[in-house]
Amino acid sequence: MDTDITTGLDAPKADPADIARIALDGVAAGTPEIVADETSRTVLAGLSGGIGALYPQFGTRNPTPAYVIVNFDVLDQEAGAAYAAVAQQSILNYGGHYLIGGPTPKPVEGTWDFSGVVVIEFPDMDRIREWYDSAEYRRAREVRKDKARVTMLFGQGAPPQVFSRPA
């Protein structure tokens with residue numbers, strides 16, 4: 001964090017105001033663990049047991065990864081950039097990470113009437129729900145209101161048996 005103590009360090013530093021905002025938003029949302037820096041988020045995301053293994057009082061979590069598929073059209077570029085910054089930080093705070101992002105490729109079958117697509121992976125569906133209902137992401141939705149067209153699909157688990165290769 002960028003403080004008087006770290007002034008002489010030549011390394012990326014977080015703004016103390018951002019850390020304070022993340023902490024207060026997490027407390028307001030009742031988040032059991034507030035992770036404000038990239039190193040801590042990476043470590044937390046890598047823990048196979050999730051937060052439930054560390055803090056049994058919050059219950060065990062389903063270890064099956066879950067995904068958010070986002071289709072979007074940005075109607076106001078400035079608002080879109082502001083939304084992306086707030087949304088990205090909220091996703092990272094809840095253990096999510098981007099797998100795919102960019103313009104929608106030409107569909108091989110059917111039609112796709114959005115200009116962009118993002119696929120985000122979370123440790124499990126509970127984390128997606130916590131993220132989506134968080135004060136941080138509610139703020140992001142307000143930023144984009146009437147300035148972007150967004151649809152989301154939440155999914156979890158492995159492909160259905162019918163799509164799996166025979167044994």
Side-chain angles (χ1 to χ4, degrees), residues 22 25-26 28-75 79-167:
I22 291 166
D25 287 349
T31 304
E33 185 160 11
I34 301 163
V35 183
D37 69 289
E38 187 60 35
T39 301
S40 298
R41 280 191 291 277
T42 301
V43 170
L44 185 60
L47 296 173
S48 62
I51 194 171
L54 295 172
Y55 304 104
Q57 69 269 32
F58 294 114
T60 55
R61 299 198 177 259
N62 183 343
T64 305
Y67 304 89
V68 179
I69 301 168
V70 183
N71 301 312
F72 65 89
D73 281 314
V74 176
L75 308 174
Y83 164 72
V86 175
Q88 179 176 11
Q89 188 62 54
S90 71
I91 289 164
L92 294 172
N93 289 345
Y94 285 86
H97 64 274
Y98 291 90
L99 296 179
I100 298 171
T104 301
K106 182 179 177 189
V108 175
E109 290 185 38
T111 60
W112 201 288
D113 66 344
F114 289 89
S115 61
V117 64
V118 173
V119 178
I120 308 163
E121 182 179 52
F122 283 85
D124 55 44
M125 189 61 77
D126 289 341
R127 273 314 221 355
I128 289 177
R129 289 185 186 108
E130 289 171 8
W131 160 73
Y132 190 78
D133 293 335
S134 72
E136 295 167 288
Y137 192 64
R138 281 195 304 274
R139 183 176 30 254
R141 288 195 303 264
E142 281 300 313
V143 168
R144 76 155 199 252
K145 188 175 182 179
D146 300 324
K147 295 177 176 68
R149 187 170 67 110
V150 175
T151 62
M152 293 184 185
L153 175 67
F154 297 170
Q156 177 177 355
Q161 188 72 21
V162 69
F163 293 122
S164 300
R165 294 179 109 145

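Under the 3.5 Å distance criterion, the side-chain polar atoms of Asn71 are left unmatched by any main-chain donor or acceptor of Thr151.
In this structure the side chain of Val150 never reaches within 4.5 angstrom of the side chain of Phe114, judged on heavy atoms. Taking the side chain as every heavy atom from C-beta outward, Tyr98 and Gln88 approach each other to under 4.5 Å. A 4.5 Å side-chain heavy-atom check between Arg139 and Asp25 finds at least one atom pair inside the cut-off. Arg149 has its side chain within reach of Asp113: a pair of non-hydrogen atoms, C-beta onward, lies under 4.5 Å apart.
Each of Ile69, Val118, Val119, Val68 was scored for a side chain to side chain contact (heavy atoms under 4.5 Å, CB included) with Leu99, with one residue passing: Val119.
Atoms CD1 and CD1, from Ile91 and Ile128 in turn, are 10.0 Å apart once rounded to the nearest 0.5 Å.
Summarising the geometry of Tyr94 relative to Ser134, their closest heavy-atom pair is OH-CB, 3.2 Å, with the distance given to 0.1 Å. The shortest heavy-atom contact between Val117 and Thr104 is N-OG1, 3.7 Å. Minimum interatomic distance between Gln156 and Pro65 (heavy atoms only, all atoms of both residues): CG-O, 3.5 Å. Shortest non-hydrogen contact noted between Val86 and Glu136 is CG1-O, 3.8 Å.
Applying the side-chain contact (heavy atoms from CB on, under 4.5 Å) rule to Arg141 yields the partners Tyr132, Tyr137, Arg138, Arg144; only residues at least two apart in sequence or on another chain are considered. Scored by the side chain to side chain donor-acceptor pair (under 3.5 Å) test, Glu121 finds Tyr67, His97 as partners (sequence neighbours excluded). Residues meeting the side-chain contact (heavy atoms from CB on, under 4.5 Å) test with Val143, sequence neighbours left out: Ala82, Tyr83.
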> Please walk me through it: do Asp124 and Arg127 pass salt bridge (Lys or Arg N to Asp or Glu O under 4.0 Å)?
Replying inline: CA-CA 6 Å; Asp124 55 44; Arg127 273 314 221 355; 5.9 Å; no
